[in-house]
Asker: 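Sharing a structure here in structure tokens format.
Here is the naming used below: chain letters follow the sequence lines, and residue numbers restart at 1 for every chain.
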Amino acid sequence: MTFPSDSSFSKDVRIRRNSEFKEVFEKGTRIRTPHFNVLYSPNNLGFPRIGVIVGKKTSLNAVGRNRIKRIVREVFRKNKASFDSFDVVIIAKKNCKGLTYKNAEEEILGFAEKKLS
RNA sequence: CGAGUGGGUCGAGCGAUCGCCUGUCUUUUCCGCAUGGAAAAGAUGGGAGGAAAGUCCGAACUCCAGAGGGCAGAGCGCUGGGUAACCCCCAGGUGCCGUGAGGCAACGGAAAGUGCCACAGAAAACAGACCGCCGAAGUUUUCCCGUUUAUGCGGGAAAACAGGCAAGGGUGAAAAGGUAGUGUAAGAGACUACCGCACAGGGUGGCGACACCCUGUGGCACGGCAAACCCCGCUCGGAGAAAGACCAAGUAGGGAAGCAUCCACCCUAAGGGGUGGGCAGAUGGCCCGUCUGAUGCUUCCGGGUAGGUCGCAAGAGGCACCCAGCAAUGGGUGUCCCAGAUAAAUGAUCGCUCUCGACAGAAUUCGGCUUACAGACCCACUCGCUUC
RNA sequence: UGGGGGAUCGUCUAAUGGCAGGACGAUGGGCUCUGGACCCAUUAGUCUAGGUUCGAAUCCUAGUCCCCCAG
């Protein structure tokens, strides 16, 4: 538990550059969960970073896509400690449409714990 | 009470905790000679829509191109007004629809020209004749009557032909006015009356589209399609914020200026000069016209990618009141500052209330249009029923 | 975000504004001892909604979906 009470979500913990995304895509490990494709690769920053990708085919309108991004980011923010020091890219699959916060939390935390072990 | 028409407003709300984007102020630290810049913490303010959407119009803004001329192309199309502008809005006219409140209209020209109008039908655009009607006058044949010796002549009837007609039938999306009468062999604007229509002239009202009235002419000519070509009138240079401006790693080498420089022929001893021609590019549609040239040598030093900063949030701005106007809208006064990201900000959890929550997320900015949408409320009006 | 193009049977592709045609496929039948090939027949379509027109795949308006280009 490196960040026991820190649940902030500043720009530092987001993957923001195209080159950084590319690095994760090239070096990262890929894991599939029912609703997401997840890529992750270790970094040497001492804290995790996240990038979320939601394609047009997941949800046809912008409101739906924003909704999924917000849910995923919220899960990450509340559980940053579980991600140790990794760059994580989460890609939403087509079946994400009716996803709720609780479903996403269960699924992503389940993945994070497996990865840590 | 029911059904409906037109217009407008809103688009779940409140509280707590954790979190995101951003403006301002304060403090601290660091950098800098300094104006100032960066980071952190705290305080405080703001934080998606009526359509933010589609990208269908119109602009602002930016860059590119602009000697000039012609052709082509695109858009618009009743009238007057509004506007920065518009394919928008308001008011009005005309036509059509609706019992009505009201709604809808690409609504210039078909007597400038060209083209098209399948099938059906007789005929589809300087009309035409299938069935049908007529067949008087004309021709032929037959029959009857009169007369005559007889041919014949006269009269009548029937049939056929030549011919006449366009009223009725039928076809079609569309068939060249309607009603009544006269007329005739049958009919027909052939003629007459009334209605309708077209054209010309004049008057009245209106800025005008146009409306109404009067007079005359025409028996009616001028079918439809211009969201077919086209004609007439008006408008239009191209691209778009991934526009564009500035700063600028790494890697790779590029750019500008000057001189010589393509092919053929002619002149010349040579150097070189002249004439003609071709190719490619620019002039973001094409043509004429105009301009430029590959490569080598010499000299000079910038251009640009990742990334960053700006553009980028005070505006044809919102709200309130007053004035002008039927209105769209304009003018004045006061007041407010109200998203500004860049892998891209509004979410999660809990509690409460209700009608149990639709369509949907700013990306340069405005003005419109169009499309999507659970519902709630307000104003004005229409029709029907019932009661007083 | 901006710009451009397209949509016709299951697939590919034709059609001066006048009955939507062809190929491949599918289904059924014939031929054959059986299958293939071949022959015959059938099936099924103008992306959607309005408008112009007598009549629309075609012309006009709005919408839906797909593809391409620009970092």
Asker: Can you tell me how far P of B:G19 sits from CZ of A:Phe76, to the nearest Å?
Answerer: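 Value for this atom pair: 15 Å.
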
Asker: Within the side chain of A:Arg14, is there an N or O that forms a donor-acceptor pair under 3.5 Å with the backbone of A:Phe9?
Answerer: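 Pair found, side chain donor or acceptor close to backbone of A:Phe9.
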
Asker: Any ion pair linking A:Glu105 and A:Lys102 (charged N to carboxylate O, less than 4.0 Å)?
Answerer: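 Salt bridge between A:Lys102 and A:Glu105, a charged N being under 4.0 Å from a carboxylate O: no.
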
Asker: Using heavy-atom distances to pick each residue's nearest nucleotide on RNA chain B, tell me which of A:Lys78 and A:Gly51 is more 5'.
Answerer: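 The residue whose closest nucleotide sits nearer the 5' end is A:Gly51.
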
Asker: P atom, B:A380 versus B:A211: distance in rounded Å?
Answerer: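 Those two atoms are separated by 37 Å.
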
Asker: Between A:Phe76 and A:Ile108, does a side-chain contact (heavy atoms from CB on, under 4.5 Å) hold up when you go through it step by step?
Answerer: CA-CA 8 Å; A:Phe76 176 80; A:Ile108 292 173; over 6 Å; no

Asker: Consider the side chain of A:Glu74, meaning its heavy atoms from C-beta on, and name the nucleotide among B:C350, B:C21, B:A348 that approaches it most closely.
Answerer: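 Of the options given, the side chain of A:Glu74 lies nearest B:A348.
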
Asker: May I ask you to say what A:Phe21 touches in the nucleic acid, namely base, sugar-phosphate or nothing, with a heavy-atom cut-off under 4.0 Å?
Answerer: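 The answer is base, as A:Phe21 lies within the cut-off (heavy atoms under 4.0 Å) of a base atom.
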
Asker: Is the glycosidic torsion of B:C338 within 90° of 0, making it syn, or is it anti?
Answerer: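 Here the answer is syn: the torsion falls within 90° of 0.
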
Asker: Kindly point out which of B:A343, B:A344, B:A348 is positioned nearest to the side chain of A:Arg73?
Answerer: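 The nucleotide sitting nearest to the side chain is B:A344.
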
Asker: Which base sits across from B:A122 as a Watson-Crick or G-U pair, both distances under 3.5 Å?
Answerer: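 Answer to the pairing question: none, since B:A122 forms no Watson-Crick or G-U pair.
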
Asker: Atom CD1 of A:Ile68 and atom C1' of B:A344: how far apart are they, to the nearest Å?
Answerer: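 After rounding, the reported distance stands at 16 Å.
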
Asker: In terms of base orientation, is B:G284 syn or anti, with the syn window spanning 90° either side of 0?
Answerer: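 What B:G284 shows is a syn base, its glycosidic angle lying within 90° of 0.
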
Asker: Is there side-chain contact between A:Leu39 and A:Ile91, with at least one heavy-atom pair below 4.5 Å?
Answerer: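 SC-SC contact between A:Leu39 and A:Ile91 confirmed.
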
Asker: Searching all strands shown, indicate the nucleotide that pairs with B:G102 (Watson-Crick or G-U wobble; both distances under 3.5 Å).
Answerer: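 When the pairing criteria are applied, B:C97 turns out to be the nucleotide that pairs with B:G102.
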
Asker: Over how many whole Å does the gap from A:Asn61 atom CG to C:U64 atom C1' extend?
Answerer: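 Rounded to whole Å, this separation is 15 Å.
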
Asker: Could you tell me whether A:Asn66 contacts a base, only the sugar-phosphate backbone, or nothing, with contacts defined as non-hydrogen atoms closer than 4.0 Å?
Answerer: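 The residue A:Asn66 makes base contact.
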
Asker: Is B:A48 in the syn or the anti form, by the rule that syn lies within 90° of 0?
Answerer: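 What B:A48 shows is a syn base, its glycosidic angle lying within 90° of 0.
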
Asker: Within this structure, what is the CD1-to-P distance between A:Ile71 and B:C20, rounded to whole angstrom?
Answerer: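 For the pair A:Ile71 CD1 and B:C20 P, the rounded distance is 19 Å.
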
Asker: If B:U182 has a Watson-Crick or G-U wobble mate with both distances under 3.5 Å, name it; if not, just say none.
Answerer: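 Pairing partner: B:A190.
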
Asker: If the glycosidic angle sits within 90 degrees of zero it is syn, else anti. Tell me which applies to B:G50.
Answerer: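 Classified syn.
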
Asker: Under a 3.5 Å cut-off for both distances, is B:C116 Watson-Crick or wobble paired, and to whom?
Answerer: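 Across any shown strand, B:C116 pairs with B:G224.
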
Asker: When the distance from NZ of A:Lys102 to C1' of B:C350 is rounded to whole Å, what number comes out?
Answerer: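 One finds 10 Å between C1' of B:C350 and NZ of A:Lys102, rounded.
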
Asker: Of the non-hydrogen atoms in A:Arg49 and A:Ile15, which two are nearest, and what is the gap between them?
Answerer: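 Looking at all heavy atoms of both residues, the shortest contact is CB-CG1, 3.9 Å.
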
Asker: Ignoring hydrogens and angles, are the base of B:G361 and the side chain of A:Arg70 linked by a donor-acceptor pair under 3.5 Å?
Answerer: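 Indeed, a donor on one side and an acceptor on the other fall under 3.5 Å apart.
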
Asker: What's the gap between B:C369 and B:G332 when it is taken at their C1' atoms, as a whole Å value?
Answerer: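 To the nearest whole Å, 32 Å.
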
Asker: So if I take every side-chain heavy atom of A:Arg14 and compare against B:C21, B:C350, B:A348, which nucleotide ends up nearest?
Answerer: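 The closest nucleotide is B:C21.
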
Asker: For A:Ile53, report the nucleic acid contact type (base, sugar-phosphate, nothing); a contact means any heavy atom under 4.0 Å.
Answerer: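 Base, at least one base heavy atom under 4.0 Å.
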
Asker: Now, which nucleotide makes the Watson-Crick or G-U wobble pair with B:U387, with each of the two distances under 3.5 Å?
Answerer: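 Base-paired to nothing in any strand shown.
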
Asker: Is there a Watson-Crick or G-U wobble partner for C:A37 with both distances under 3.5 Å, and if so, which one is it?
Answerer: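 The answer is none; no pair meets the criterion.
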
Asker: Applying a 3.5 Å limit to both distances, which nucleotide forms a Watson-Crick or G-U wobble pair with B:C130?
Answerer: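 Across all strands, the one nucleotide that pairs with B:C130 is B:G169.
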
Asker: Rounded to whole Å, how long is the line connecting atom CD1 of A:Ile91 with atom C1' of B:A343?
Answerer: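 Those two atoms, CD1 and C1', are 12 Å apart.
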
Asker: Please find the pair of heavy atoms, one from A:Pro48 and one from A:Lys80, that lie closest to each other, and give the distance.
Answerer: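 Looks like CG-O, 3.6 Å.
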
Asker: Among B:C21, B:G19, B:U349, which is the nearest nucleotide to the side chain of A:Phe9?
Answerer: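 The closest nucleotide is B:G19.
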
Asker: Name the pairing partner of B:U333, where a pair is Watson-Crick or G-U wobble with both distances under 3.5 Å, or state none.
Answerer: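 With both distances under 3.5 Å, B:U333 matches B:A320.
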
Asker: Looking only at heavy atoms, which two atoms of A:Thr33 and A:Phe111 are closest? And how far apart?
Answerer: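 Looking at all heavy atoms of both residues, the closest pair is CG2-CB, 4.2 Å.
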
Asker: Using atom P in both nucleotides, what's the gap between C:U11 and C:G45 to the nearest angstrom?
Answerer: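 The answer is 13 Å between these two P atoms.
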
Asker: Please give, in whole Å, the distance from B:A306 P to A:Glu23 CD?
Answerer: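 About 19 Å, once rounded to whole Å.
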
Asker: Rounding to a whole Å, what distance do you find between A:Arg49:CZ and B:A343:P?
Answerer: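 After rounding, the gap between these two atoms is 13 Å.
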
Asker: Is any side-chain N or O of A:Arg77 under 3.5 Å from a base N or O of B:C18, one able to act as donor and the other as acceptor?
Answerer: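 Looking at the base of B:C18, it does pair with a donor or acceptor on the side chain of A:Arg77 (distance under 3.5 Å).
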
